[in-house]
Asker: 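This is the structure I want to talk about, given as structure tokens.
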2 protein chains.
Amino acid sequence: MRLLPHPATEDIQLTEVLRALSDPVRLEIVVRLALGGEMTCGVAGDDLGVHKSTASHHYRALREAGVVLTKQEGRLKYMSLRRDDLESCFPGLLDSVLSAAGIPSAAAIRSADLQSPSAAAIPSADVPARR
Amino acid sequence: MRLLPHPATEDIQLTEVLRALSDPVRLEIVVRLALGGEMTCGVAGDDLGVHKSTASHHYRALREAGVVLTKQEGRLKYMSLRRDDLESCFPGLLDSVLSAAGIPSAAAIRSADLQSPSAAAIPSADVPARR
DNA sequence: CGTATAGTTGGACTGTTGTCAAACAATTAG
DNA sequence: CTAATTGTTTGACAACAGTCCAACTATACG
């Protein structure tokens, strides 16, 4: 399992995070990650209406802004929101964005996320079997 | 006193607000408005390190995104944050951005703002005499 | 009226962004 | 080894963004 290069928590810049979240495609990816927890790029980018290479650029933008964490496992790459890092840098920001993006209760989802696999909202978004 | 064209509250788009806030110059303007309340473009754009026409473009970007409200009075234009509109569209978002931008307590400032002129933080940022 | 003030507009320039397509790389499965 | 799968990289391209400068508009002041 390899971790891709990411900015350190203290290097995450507010304007870059806002910039990353200001694209509809990227925001949708972030919403999916918020709802479904860790998932592969393939799942996160399914049916986004853009070419897979475009989606790949968006993954990188999100990673370089410090919004998501990406780790490679075999031939799959798993993305997850850097919730705690973002919360420590910009308290409340991610939750308010997610809630503004239509997620019922960001806090509730987060706690549910930690308790059980949950995934009820998205078809194949459960934490994959890891083979 | 004339009001410039603005998007209606219900037409404010999350991604456009995030986009507007993702530029350092615009974010600085927003921070000034948050600290100083309503102020002229001249005051809001003082010492930003960009040409006045550049600042003017940023004013427009903020206005068109629904972040600020601009009204003309004589030859001056007064800008103010659309706090209530943003709060009703995206609860908590502006406050978390402002607090992430280094404003001590966004909520405290807002309430102080409503009680007294309170310009303590910025030199000439008090609500102007309106002549 | 003429001049100063406050801000906008348009052009030009440079750099960035979002997109697709095609080729590529890395891993896994047969 | 060969095929398929997963995602990245590169190139091309059009659109957009941020900036400055110069000219302009509109209001107010003398």
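A note on names: the letters A, B, ... follow the listed sequences, proteins ahead of strands, and every chain is numbered from 1. Quick caveat: nothing in here was measured; it's all calculated off a predicted structure.
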Asker: Could you list, one pair per line, each protein nitrogen or oxygen that sits under 3.5 Å from a nitrogen or oxygen of nucleotides 1-3 of chain D, together with the distance?
Answerer:
none

Asker: Run the side-chain donor-acceptor check on residues 44-54 of chain B: report pairs under 3.5 Å with partners two or more places apart or on a different chain.
Answerer:
| from | atom 1 | to | atom 2 | distance (Å) |
| --- | --- | --- | --- | --- |
| B/His51 | ND1 | B/Ser53 | N | 3.1 |
| B/His51 | ND1 | B/Ser53 | OG | 3.1 |

Asker: Quick test of your reading: applying side chain to side chain donor-acceptor pair (under 3.5 Å), list the pairs with at least one residue in residues 55-70 of chain B, sequence neighbours left out, ordered by first then second residue.
Answerer: B/Arg26-B/His58, B/His57-B/Arg60
Asker: Would you mind reporting whether A/Ser80 and A/Val68 have side-chain heavy atoms less than 4.5 Å apart?
Answerer: no
Asker: Whole-Å distance between D/dT6 C1' and A/Leu4 CG?
Answerer: 13 Å
Asker: Starting at atom CE of A/Met79, determine the distance to atom P of D/dT6, rounded to an integer number of angstrom.
Answerer: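 Distance check: A/Met79 CE to D/dT6 P gives 14 Å.
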Asker: Given atom OH of A/Tyr59 and atom P of D/dT8, what is their separation to the nearest angstrom?
Answerer: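 The answer, rounded to whole Å, is 7 Å.
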Asker: Round to the nearest Å and state the distance from B/Lys77 atom NZ to D/dA28 atom P.
Answerer: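 It works out to 13 Å between those atoms.
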Asker: Atom CZ of B/Arg75 to atom C1' of D/dA26: distance rounded to whole Å?
Answerer: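 Atom CZ in B/Arg75 sits about 10 Å away from atom C1' in D/dA26.
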Asker: For A/Leu69, what are the other residues in its hydrophobic cluster, where any two members join if their side-chain heavy atoms are less than 4.5 angstrom apart?
Answerer: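 Members besides A/Leu69, by chain and number: A/Leu3.
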Asker: Could you pull out all residues at least two apart from B/Asp23 that satisfy salt bridge (Lys or Arg N to Asp or Glu O under 4.0 Å)?
Answerer: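 If we apply the salt bridge (Lys or Arg N to Asp or Glu O under 4.0 Å) test to B/Asp23, skipping adjacent residues, there are no hits.
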Asker: Can you tell me the base-pairing partner of C/dT28? Count Watson-Crick or G-U wobble geometry only, both distances below 3.5 Å, and say none if there is no partner.
Answerer: none
Asker: Looking at B/Glu38, B/Met39, B/Gln72, which one forms a side-chain contact (heavy atoms from CB on, under 4.5 Å) with B/Tyr78?
Answerer: B/Glu38
Asker: So do B/Leu94 and B/Arg83 actually touch side chain to side chain, heavy atoms under 4.5 Å?
Answerer: yes
Asker: Specify the residue among A/Gln72 and B/Gly42 whose closest nucleotide of DNA chain C lies further upstream toward the 5′ end.
Answerer: B/Gly42
Asker: What is the distance, rounded to the nearest whole Å, between atom CZ of B/Arg63 and atom P of C/dT8?
Answerer: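 Nearest whole value for this atom pair: 7 Å.
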Asker: I would like to know whether B/Glu73 and B/Arg2 meet salt bridge (charged side-chain N to carboxylate O under 4.0 Å, His left out); could you show each step before the answer?
Answerer: CA-CA 7 Å; B/Glu73 211 155 325; B/Arg2 286 168 304 179; over 6 Å; no
Asker: As an exercise, state the distance from SG of B/Cys89 to CD of B/Glu10, rounded to the nearest 0.5 Å.
Answerer: 8.0 Å
Asker: From CG of A/Leu76 over to C1' of C/dA29, roughly how many Å is that when rounded to an integer?
Answerer: 13 Å
Asker: Can you tell me the base-pairing partner of C/dC1? Count Watson-Crick or G-U wobble geometry only, both distances below 3.5 Å, and say none if there is no partner.
Answerer: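 Across any shown strand, C/dC1 pairs with D/dG30.
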Asker: Measure CG/B/Leu21 against P/D/dG18 and give the value in whole Å, please.
Answerer: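 Spelled out: CG on B/Leu21 to P on D/dG18 is 12 Å.
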Asker: Just by protein heavy atoms under 4.0 Å, how would nucleotides 15-24 of chain C read 5' to 3' in B, S and -?
Answerer: --SSBBBB--
Asker: Between C/dT27 and A/Arg2, is there an OP1 or OP2 to side-chain N/O distance shorter than 4.0 Å?
Answerer: yes
